[in-house]
Protein chains: 2
Amino acid sequence: MIMSVNPIRDRRAERYAATRAEILAAAWELAEEKGLASLAMRDLGARIGMRAQSLYAYFPSKNAIYDAMFAAANEELLQRVKRLPKTRDPVEGLRLNLRVFLQFCVESLVRYQLLYQRSIPGFEPSPEAYRAAIEALDTARHALLACGITQQKALDAWTAVSGGLAAQQNANEPGGERWIGLADEILDMYLAHYRPTTAEETQ
Amino acid sequence: MIMSVNPIRDRRAERYAATRAEILAAAWELAEEKGLASLAMRDLGARIGMRAQSLYAYFPSKNAIYDAMFAAANEELLQRVKRLPKTRDPVEGLRLNLRVFLQFCVESLVRYQLLYQRSIPGFEPSPEAYRAAIEALDTARHALLACGITQQKALDAWTAVSGGLAAQQNANEPGGERWIGLADEILDMYLAHYRPTTAEETQ
DNA sequence: GTCTATATTTGGATAGAC
DNA sequence: GTCTATCCAAATATAGAC
């Protein structure tokens with residue numbers, strides 16, 4: 001194994017990765033405190049005892065930091081939905097998927113902004129950072145499929161209603177549960193309309 | 001009448017108001033071209049043949065310009081829903097209200113961001129600018145009331161589904177109609193669930 | 001890998017002449 | 001009411017010494 005042949009290089013890589021992680025953690029903190037768009041390299045460096053310029057040894061630009069945050073957040077969501085217990089009842093599976101998504105959306109306002117609101121001028125997530133986002137959306141698609149819902153229109157309606165709940169909650173009552181508390185009822189409404197009741201309708 | 005006593009002062013006021021309007025029009029243009037957050041006083045002045053500093057004779061700050069844009073946009077929406085023809089069928093009234101709202105949301109991405117996404121760091125609309133926004137929302141509430149829908153939960157669900165359609169459309173397919181085209185179907189789904197079927201349920 | 005020094009850009013806002 | 005002249009602040013990013 002290469003690891004045992006050259007332990008010094010490994011320790012360096014570990015240190016490097018640890019510092020990167022530390023920078024990202026500080027970035028989230030600062031974003032929560034001052035707003036996502038107000039994240040500044042100076043402040044970020046200061047928080048971890050560095051000059052702003054030294055951060056460039058870890059990230060080539062500020063947008064690269066946003067990109068890493070974007071990727072990590074989507075990966076977090078993906079892991080959560082993947083870790084969900086398998087249910088016999090497909091509706092229960094969809095309900096859990098929705099619950100996890102909404103909880104994820106309202107836990108952190110800045111994370112929500114970064115992932116779903118494109119509020120940073122000039123920042124466009126990289127395709128790699130997108131991967132987990134697409135995969136997470138795909139879990140919702142599968143949960144819908146398990147309920148016999150296959151039409152593209154129905155999937156689009158699902159993203160609209162689930163996304164709408166999160167958006168209203170964060171916009172009008174951040175930290176509360178006035179809208180996300182409607183999840184179960186909205187789910188019932190949705191299924192009553194879009195779920196096929198006979199085998200034929202499933203196609 | 002004061003107007004005929006001192007016509008000079010009137011002409012000045014008119015000129016002043018016209019210049020303010022010109023500035024705001026240029027602000028919308030620039031925002032569409034470069035992004036809402038990238039609106040800069042220099043560019044704005046340049047567009048109307050002025051130095052940036054001269055703009056301060058018309059607006060005390062950049063945020064005041066955003067505020068005027070915010071107010072004007074909400075007023076525009078309010079006028080549109082108010083101008084809607086009276087319908088005998090309350091469901092038709094709700095449908096038209098929704099249609100106008102969605103059309104308004106997708107017509108301009110930057111207007112949508114300004115009104116519904118709070119994407120400008122440090123900008124908080126003034127209470128006066130809010131007035132029309134609240135009034136516009138109130139027209140939706142009345143349209144729902146006419147359909148016999150009175151519960152707060154049901155009103156919240158309405159803002160979630162209608163807002164969700166606009167949000168998904170703008171986020172994933174700006175300029176298209178993949179989501180807003182679902183409006184009628186979503187409305188049916190919503191009414192089937194929330195509209196009382198008997199007089200008693202209406203309370 | 002971190003620093004100092006600095007370049008560069010950007011952009012909001014004020015003072016005072018005309 | 002518009003200008004010139006500035007100021008001031010913030011923030012990204014690079015060069016090069018240590």
Side-chain angles (χ1 to χ4, degrees), chain A residues 6 8-27 29-31 33-69 110 119-124, chain B residues 6-27 29-31 33-70 110 114 119-124 126:
Chain A
N6 196 339
I8 292 164
R9 188 158 282 167
D10 270 334
R11 290 180 65 88
R12 276 199 187 157
E14 281 166 27
R15 184 89 196 85
Y16 185 82
T19 305
R20 262 183 71 106
E22 197 184 344
I23 291 169
L24 289 178
E29 276 181 33
L30 273 174
E33 290 168 21
K34 300 192 163 189
L36 191 61
S38 303
L39 182 63
M41 298 296 269
R42 281 175 212 264
D43 300 347
L44 187 48
R47 167 126 343 186
I48 60 164
M50 256 187 204
R51 295 287 159 171
Q53 302 92 307
S54 303
L55 297 170
Y56 289 85
Y58 299 93
F59 294 94
S61 71
K62 189 185 171 187
N63 274 351
I65 295 178
Y66 280 132
D67 203 53
M69 294 167 78
V110 304
S119 55
I120 313 296
F123 167 61
E124 194 74 24
Chain B
N6 196 341
I8 292 165
R9 188 157 283 169
D10 269 337
R11 291 181 63 88
R12 278 201 186 158
E14 281 165 28
R15 183 90 195 88
Y16 186 82
T19 305
R20 262 183 71 105
E22 197 184 344
I23 291 169
L24 289 179
E29 275 181 33
L30 272 174
E33 291 168 20
K34 299 190 162 194
L36 191 62
S38 303
L39 182 64
M41 298 296 271
R42 283 176 210 263
D43 300 347
L44 187 50
R47 165 128 340 188
I48 60 163
M50 254 186 205
R51 294 287 158 170
Q53 303 91 306
S54 303
L55 297 170
Y56 289 87
Y58 299 92
F59 295 94
S61 70
K62 188 184 170 188
N63 274 351
I65 296 179
Y66 281 131
D67 203 53
M69 294 167 77
F70 184 92
V110 305
L114 177 64
S119 54
I120 312 296
F123 167 62
E124 196 73 27
S126 64

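Note that the coordinates shown come from a computational prediction; the quantities given were computed from them, not determined experimentally. Throughout, a chain's letter reflects where its sequence line sits, starting with A, and its residues are numbered from 1.
For A:Arg51, the side-chain atoms get nearest to C:dT4 when compared with the rest of C:dT2, C:dG1, C:dT4. Comparing atom distances between the B:Tyr56 side chain and each of C:dT2, C:dA13, D:dC3 picks out C:dA13 as nearest. Nearest to the side-chain atoms of A:Lys62 among the listed nucleotides D:dT12, C:dG1, C:dA13 stands D:dT12.
Residue contacts shown for A:Gly122 are absent, as no nucleic acid heavy atom lies under 4.0 Å away. At a threshold of 4.0 angstrom between heavy atoms, the contacts of B:Ser61 are confined to the sugar-phosphate backbone, with no base atom among them. A:Leu39 comes within 4.0 angstrom of sugar-phosphate atoms only, judged by non-hydrogen atoms across all strands, and of no base.
The CZ atom of A:Phe59 sits 13 Å away from the P atom of C:dT2 (whole-angstrom rounding). Taking atom CG of A:Asn63 as the reference point, atom P of D:dT12 lies 10 Å away to the nearest angstrom. Rounded to whole Å, atom P of D:dT2 lies 13 Å from atom CG of B:Leu44. Between A:Ile65 atom CD1 and D:dT12 atom C1' there is a gap of 11 Å when expressed in whole angstrom units. Counting to the nearest Å, the C1' atom of D:dT12 and the CG atom of A:Leu55 are 11 Å from each other. Going from atom CG of B:Asp43 over to atom C1' of C:dA13 covers 16 Å, rounded to whole Å. Counting to the nearest Å, the C1' atom of D:dA9 and the CE atom of B:Met41 are 16 Å from each other. In this structure, CZ of A:Arg20 is placed 18 Å from C1' of C:dT2, rounded to the nearest angstrom.
Here A:Arg20 contributes atom CZ and A:Ile23 contributes atom CD1; the two are 8.0 Å apart, rounded to the nearest 0.5 Å. Here the straight-line distance linking atom CD of A:Glu29 with atom CG of A:Leu44 works out to 10.0 Å at 0.5 Å rounding. For the atom pair CG (B:Leu24) and OG1 (B:Thr19), the distance works out to 11.0 Å, reported to the nearest 0.5 Å. For the atom pair CE (B:Met41) and OG (B:Ser61), the distance works out to 7.5 Å, reported to the nearest 0.5 Å.
Residue A:Ser54 places none of its side-chain N or O atoms closer than 4.0 Å to OP1 or OP2 of C:dG1.
Where A:Gln53 and A:Arg42 meet DNA chain D, the nucleotide closest to each residue was compared, and A:Arg42 sits on the side nearer the 5' end.
A 4.5 Å side-chain heavy-atom check between A:Asp67 and A:Phe123 finds at least one atom pair inside the cut-off.
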